[in-house]
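Notes to accompany the following structure.
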There are 2 protein chains.
Amino acid sequence: MEKRALRPIARLSTEAQATLSLREHILSGALKPGERLTETPLAEQLGIARATLRMGLHRLASEGILVQIPYTGWQVVALSADDVWELWTLRSSLESLASRLAAERMTDSGAAKVSEAVENLSAACRRGRVNDINKADFAFHRTIVDLAGHGRLSEHYRQVEQQVRLYIASTNVYNEPDDWSVVIEHHRPLAAALIARDPDRAEAEARRHNETFGKKLVAAMRKDEQP
Amino acid sequence: MEKRALRPIARLSTEAQATLSLREHILSGALKPGERLTETPLAEQLGIARATLRMGLHRLASEGILVQIPYTGWQVVALSADDVWELWTLRSSLESLASRLAAERMTDSGAAKVSEAVENLSAACRRGRVNDINKADFAFHRTIVDLAGHGRLSEHYRQVEQQVRLYIASTNVYNEPDDWSVVIEHHRPLAAALIARDPDRAEAEARRHNETFGKKLVAAMRKDEQP
DNA sequence: CCATTGACGATTGTCGTCAATCGTCAATAA
DNA sequence: TTATTGACGATTGACGACAATCGTCAATGG
C-alpha cells in the first residue's frame with residue numbers, strides 16, 4: 001500500500017489532449033513557421049473527429065501560435081521583427097510585475113526554488129548544451145512567475161512565453177557560439193534581488209534583463225529582414 | 001454616386017457573430033455572475049447549430065468571462081476579491097506600458113485624440129450620468145492603448161478590460177454618489193503627460209492611477225466578502 | 001498573345017445525431 | 001431512520017455528412 005491517498009485521475013477531454021499534443025508538436029520546432037496545416041489529414045492522424053480537432057486549433061490560434069485563413073487552412077505563425085519587439089516589451093512588462101510580486105511574497109521555500117533554478121541554469125551554461133541552457137532559462141523565468149501567485153498573470157505570461165519559444169525554435173539565434181557565462185551573469189542579479197526580498201530591485205532587474213536581451217534580438221532580426 | 005470607393009463588406013462567420021452577440025450580452029450585465037447557460041436553448045435562441053455556438057462559448061471561456069463545468073453547463077464568472085486584485089495589478093502593468101509607448105510615439109493627431117477623450121470624460125462627469133461616465137472612462141483608456149501601436153498589448157489589455165467591465169456591470173461600485181469631479185481629476189495628469197510626450201511621467205501616472213483605484217476597489221470588496 | 005471567365009478540386013463552415021457523463025432522487029436494506 | 005445504490009433526466013462530448021467558399025487553371029474570345 002502506498003502512503004498517500006489516491007489522487008483524482010487527471011481526466012482530459014480529447015480536445016484538451018489534442019491541443020496539448022499539437023502545441024508541443026509545434027513548439028518543438030517540428031513545424032516551420034508558415035507551414036500549412038489541413039484539418040482532415042490532421043484529424044485522421046490524431047484519430048479524432050474534425051470538429052474536435054478544430055476546437056483545439058482555434059485555441060492555439062487564440063494563443064497566437066497558429067493563424068487561420070478562412071476556407072484555406074491553418075498555418076504556423078511567422079514572426080516578424082515587429083512581432084518580436086511586441087513579444088519582448090510585453091514579456092518585460094509582465095515579468096517585471098511578476099518579479100515585484102514574487103519578491104513581496106517571497107518565502108524560504110520560494111527562495112530555495114529560485115536558488116535551485118539559477119543553479120540549474122548555471123550548470124547548463126557550464127555544460128554548454130544549447131537545448132539545456134534554453135530549457136533552464138525558461139524554467140528560471142517560469143519559477144518567478146509561479147512564485148508571484150497571480151493566476152491571470154501566469155496565463156498571460158504563458159501565452160507570451162509560448163510565442164517566444166516558437167520563435168526560438170524556428171531560428172538559431174541561440175546557436176551563436178556566444179560566451180555562455182554571460183547568460184548566467186545576466187540572471188544572477190535578478191535572482192539575488194528576489195532572494196533578498198527586494199521588490200523594487202527585482203522589478204528593475206527584470207526590466208533590465210528583458211530589455212537588453214530584447215534589443216539585441218530585435219536588432220539582429222531587423223538586420224536579417226532588410227537585405 | 002458616392003465619392004469613396006466601395007469598402008469591402010465586413011464578413012463575419014456565424015461563429016464570430018454569435019461570439020460578438022454573446023459577449024455584449026454578458027458584458028451589458030443582462031446575465032448575472034454565476035448565472036447558468038445551457039447550449040441547446042441558447043443555440044435555438046440564436047438560430048445556429050450547437051457546435052457553432054460552442055466554439056463561441058469556448059472562446060469566451062478562454063477570455064475569462066465564462067467558465068465551463070464539464071457535462072453540466074456554462075456560467076458567467078463570479079469574481080472574488082482576489083480576482084479583482086489580479087485584474088487591477090495586471091491592468092496597471094499593461095496600461096503603464098501602453099502609456100509609455102503612446103507617449104514615445106505621440107503625434108499631433110494622437111494628442112488631439114487624447115484631448116478629445118479627456119474632454120468627453122469631463123463632459124460626462126459634469127452631466128453626472130453613471131453609464132456615460134463609465135463609457136467615457138473606458139474609451140479614454142482604450143484610446144491610450146490604441147495609440148501605443150502594439151497589437152499584442154492591445155489584445156491582452158482587451159481581455160483584462162473585458163473582465164473589468166463584467167465586474168463593473170455586476171456590481172454597483174460606481175453607483176456611490178461620489179463626487180464625480182474627482183474622476184476627471186484622476187485622469188488629467190495622465191492625459192497631460194501623454195500630450196507632453198513624456199514617457200516616464202506617463203508610465204508613472206498610469207501606474208498611480210490604476211493603483212489608487214484598484215486599492216480602493218479591492219478594499220471595498222474584501223469588506224463585502226468578510227461578513 | 002493576353003485578358004476574362006467559367007469550372008473544378010480542395011478546404012473550411014455549419015449542421016443534426018448519437019454517445020458519455022453529470023447531478024438528483026427515489027428505492028432498498030441494514 | 002439512515003446510509004447506500006441504482007436508475008433517470010438533463011447536458012455536454014464527439015462524430016460524420018453536407019453546404020459554402022476559396023485558389024487555380026484551363027477554356028474562350030478578342
Side-chain angles (χ1 to χ4, degrees), chain A residues 5-23 25-26 30-78, chain B residues 5-23 25-26 30-78:
Chain A
L6 283 166
R7 287 175 306 176
I9 60 176
R11 300 171 41 186
L12 287 176
S13 62
T14 11
E15 180 220 322
Q17 293 182 49
T19 309
L20 256 309
S21 182
L22 273 174
R23 191 185 291 136
H25 191 242
I26 294 169
L31 268 41
K32 294 200 189 310
E35 189 140 348
R36 189 141 163 263
L37 295 176
T38 53
E39 295 180 1
T40 315
L42 212 52
E44 277 179 18
Q45 271 185 258
L46 293 170
I48 61 176
R50 242 189 71 217
T52 310
L53 166 70
R54 169 186 282 266
M55 296 202 219
L57 291 174
H58 269 113
R59 167 167 284 267
L60 295 182
S62 82
E63 291 182 1
I65 63 178
L66 283 182
V67 289
Q68 182 182 30
I69 297 135
Y71 296 102
T72 303
W74 304 76
Q75 52 188 53
V76 181
V77 292
Chain B
L6 283 166
R7 287 174 307 175
I9 61 176
R11 299 172 41 188
L12 286 176
S13 63
T14 34
E15 179 219 323
Q17 293 181 49
T19 308
L20 256 307
S21 183
L22 273 175
R23 207 196 329 257
H25 192 242
I26 295 170
L31 269 40
K32 294 201 187 311
E35 189 138 349
R36 189 140 164 267
L37 296 176
T38 52
E39 296 180 359
T40 314
L42 211 53
E44 277 179 18
Q45 271 185 258
L46 294 170
I48 61 177
R50 243 190 69 219
T52 309
L53 166 70
R54 170 185 282 267
M55 294 201 225
L57 291 175
H58 268 114
R59 167 169 284 269
L60 295 182
S62 81
E63 290 181 3
I65 63 177
L66 282 183
V67 288
Q68 182 183 29
I69 297 136
Y71 296 102
T72 301
W74 305 77
Q75 53 188 54
V76 181
V77 292

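We name chains A, B, ... by the order of the sequence lines, and we start the count at 1 in each one. Not measured: the values here are computed from a predicted model.
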Heavy-atom closest contact ([X] atom, [Y] atom, distance):
X	Y	result
A/Ile48	A/Ala18	CD1-CB, 3.7 Å
B/Ala43	B/Leu53	N-CD2, 3.6 Å
B/Gln68	B/Trp74	NE2-CZ2, 3.2 Å
A/Gln75	A/Arg36	CB-CA, 4.2 Å
B/Gly64	B/Val77	O-CG2, 3.6 Å

For this session: Under 4.0 Å from any heavy atom of chain A: name the first and the last nucleotide of DNA chain C that qualifies, 5' to 3'.
Result: C/dT11 to C/dC22
Exercise. Can you list the residues that meet the side-chain hydrogen bond (donor to acceptor under 3.5 Å, both in side chains) rule with A/Arg50, with sequence neighbours excluded?
Worked result: A/Glu39
Problem set entry | Upstream residue (5' side of DNA chain D) when B/Thr40 and A/Pro70 are each assigned their closest nucleotide | B/Thr40
Exercise. For A/Pro70, does its backbone N or O pair with a side-chain atom of A/Thr72 as donor and acceptor, under 3.5 Å?
Worked result: yes
Problem set entry | Donor-acceptor pair, side chain of B/Ser21 and main chain of B/Gln17, under 3.5 angstrom | no
Exercise. At under 4.0 Å between heavy atoms, what does B/Leu37 touch on the DNA or RNA strands: base, sugar-phosphate, or nothing?
Worked result: sugar-phosphate
Seminar exercise, completed: Residue pairs passing the salt bridge (charged side-chain N to carboxylate O under 4.0 Å, His left out) test with at least one member in residues 57-72 of chain A, sequence neighbours excluded, are A/Arg23-A/Glu63, A/Arg59-A/Glu63, A/Glu63-A/Arg158
For this session: With sequence neighbours excluded, give me every salt bridge (charged side-chain N to carboxylate O under 4.0 Å, His left out) pair touching residues 65-75 of chain A.
Result: none
Exercise. Hey, can you pull the residues of residues 43-55 of chain B with a non-hydrogen atom under 4.0 angstrom from DNA chain D?
Worked result: B/Arg50, B/Arg54
Problem set entry | Those residues of residues 12-21 of chain B lying under 4.0 Å from DNA chain D by at least one heavy atom | none
